[in-house]
Amino acid sequence: MSDHEHEEHAHEPAGYGMYFLTWFSLLVLTAITVTAAGMHFGSMSVVVALFIALVKASIVLWLFMHLKYEGTLFHRLIWVVIFAMVVFIGLTFTDTLFR
Amino acid sequence: MSGHSIALTAHKDYEGSKLGIWLFLITEITLFGGMFLLYSIYRSEYPQDFHHAAAELNTLVGTINTLILLTSSLTMALSIAATHHGNRKLALIMLAITVLCGAGFMVNKYFEWGAKFHHHIYPGSEFLLAHPKGEILFFGLYFVMTGVHGIHVLVGMVLLTVMFLKVLKQPNAKVAFVAGHGLGEIEGCRMAFVDAHDKVVWKGDEVDGTVERIDVKTKFWPVKKRFKVADFNQLENSGLYWHIVDIIWIFLFPLFYLIT
């Protein structure tokens with residue numbers, strides 16, 4: 001039909017199994033974060049909870065949101081966002097922490 | 001037919017629309033990012049108050065809602081995967097489950113917020129204002145952040161319902177063959193469609209003098225091997241939105257429910 005057709009089929013459609021596996025790993029991570037919250041790590045508990053949340057978010061982005069299959073443009077876009085958020089949060093804390 | 005055929009195909013920019021939705025999702029990330037920043041600053045200022053206030057929240061309800069949203073993300077991804085495999089029926093079933101999961105999430109939220117209101121915990125309530133500053137801030141952030149997130153879930157549900165109807169109605173392409181010439185030759189006749197063995201499968205009314213033209217409209221539903229991912233572009237973009245709403249909840253959940 002059009003010459004776009006090949007691009008559209010650039011990657012083989014992922015099987016259903018991969019998505020179930022993704023879902024299962026997210027459930028396991030949820031179980032871990034709930035259990036870890038009950039173990040009272042003190043000030044470390046936030047770090048642990050945020051780390052697990054970051055891992056879960058990355059899994060959703062990479063597999064459910066198909067970043068795995070996207071080109072460098074989309075990957076760079078995400079890095080720009082991450083960089084921007086780190087700058088926003090980092091710079092704000094340099095203000096509030098040393099007042 | 002008289003050889004006039006018009007193929008109706010619209011130009012679609014698959015990559016461009018995906019890039020557009022990603023740019024929108026980035027604005028969503030910064031919207032919630034700002035609120036997360038506010039949360040972390042107040043939390044670092046009032047760690048004890050946040051600790052006590054979070055104990056008021058029901059971890060079980062939060063965990064159930066997490067499981068519901070994660071499952072809805074799975075069914076969303078499966079729905080899109082089903083379109084890639086040319087399975088429209090499965091795509092529709094998975095989409096319906098996704099919307100139902102969203103509804104389940106909102107029902108839980110309704111009861112959760114309802115219980116808070118019942119205990120006189122809502123922004124500006126006298127009961128809440130009698131608490132330490134940090135606890136007031138915690139609940140203010142709780143209502144705003146889960147509230148804005150809830151609105152996003154509702155918007156997602158509407159969006160996915162629209163997508164459900166679109167996929168339900170969608171034949172892949174419509175091509176119309178219009179016959180306008182030589183009608184005089186068939187005046188007084190009835191048109192019929194025949195199969196390969198000349199067996200009549202459909203017979204129309206008489207073509208009399210009042211007939212100016214005959215439109216023969218055909219619809220084509222693609223078979224699996226001809227399915228084009230780009231035809232379900234809007235479904236995929238809606239899916240991306242649904243997943244980002246899930247990601248936001250992935251951060252809201254530990255920060256509000258698990259810091260007791």
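Basis for what follows: all heavy atoms, side chains included, without hydrogens, waters or symmetry-related copies. Order of the sequence lines fixes the chain letters, A, B, ..., with proteins taken first and strands second; residue numbering starts at 1 for each chain.
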ask   = Do B:L74 and A:T22 come close enough that some side-chain heavy atom pair is under 4.5 Å?
value = no
query = What heavy-atom pair brings A:K56 and B:I250 nearest, and what distance separates the two atoms?
reply = CB-CG2, 3.7 Å
message = For A:V46 versus B:R43, what's the shortest heavy-atom pair and its separation?
response = CG2-NH2, 2.7 Å
ask   = Side chains of B:E15 and A:F74: does their closest heavy-atom pair fall under 4.5 Å?
value = yes
Side chain to side chain contact (heavy atoms under 4.5 Å, CB included) evaluation trace for A:L61 with B:H243 = CA-CA 8 Å; A:L61 280 166; B:H243 291 309; over 6 Å; no
ask   = Any idea which of A:A84, A:A49, A:G71, A:A57 has the most non-hydrogen atom pairs under 4.5 angstrom with chain B?
value = A:A57
ask   = If you take all heavy atoms of A:A37 and B:L258, which pair is closest and at what distance?
value = CB-O, 3.5 Å
query = Taking the side chain as C-beta and beyond, is there a heavy-atom pair between A:L67 and B:W22 under 4.5 Å?
reply = yes
ask   = Just how far is it from atom CG of A:L54 to atom CZ of B:F251, taken to the nearest 0.5 Å?
value = 4.5 Å
message = Can you tell me how far apart CG (B:L70) and CG (A:L26) are? Round to the nearest 0.5 Å.
response = 5.0 Å
message = Counting C-beta onward and ignoring hydrogens, is there a side-chain heavy-atom pair between A:Y19 and B:M76 closer than 4.5 Å?
response = no
message = Just so I know, are the side chains of B:L78 and A:F64 near enough to count as touching, which here means a heavy-atom distance under 4.5 Å?
response = no
inquiry  = Between A:L97, A:V81, A:V80, who has the most heavy-atom pairs with chain B when the cutoff is under 4.5 Å?
reply    = A:V81
Neighbour count >12 (heavy atoms, 6.0 Å) for atom CZ, A:F93 = yes
ask   = Are any non-hydrogen side-chain atoms of B:L19 and A:E70 less than 4.5 angstrom apart?
value = no
inquiry  = Can you tell me if B:F164 has over 12 outside heavy atoms packed within less than 6.0 Å of its CZ?
reply    = yes
inquiry  = So for B:I248, is it side chain, backbone, both, or neither that comes closer than 4.5 Å to the heavy atoms of chain A?
reply    = neither
ask   = How many angstroms lie between atom CD1 of B:I41 and atom OG1 of A:T96, to the nearest 0.5 angstrom?
value = 4.5 Å
key: B:F143 CZ: over 12 foreign heavy atoms closer than 6.0 Å   = yes
key: Residue part contacting chain A, namely of B:S73, when any heavy atom lies under 4.5 Å   = both
request  = Would you check if B:L23 and A:L77 make a side-chain contact, meaning some heavy-atom pair closer than 4.5 Å?
outcome  = yes
query = So do B:F36 and A:M85 actually touch side chain to side chain, heavy atoms under 4.5 Å?
reply = no
message = Report which part of B:L252 has an atom under 4.5 Å of a heavy atom belonging to chain A: side chain, backbone, both, or neither.
response = neither
message = Can you tell me which of B:P254, B:G34, B:S40 forms the most heavy-atom pairs within a distance under 4.5 Å of chain A?
response = B:S40
inquiry  = Does any backbone or side-chain atom of B:S44 lie under 4.5 Å from a heavy atom of chain A? Answer side chain, backbone, both or neither.
reply    = side chain
ask   = Judged by modelled atom types alone, do A:W23 and B:T71 share a side-chain donor-acceptor pair under 3.5 Å?
value = yes
ask   = Any idea how B:H84 and A:H66 line up, ring-wise: parallel (<30°), tilted (30 to 60°), or perpendicular (>60°)?
value = tilted
key: Residue pair B:F253 / A:V34: nearest heavy atoms and the distance that separates them   = CZ-CG2, 3.8 Å
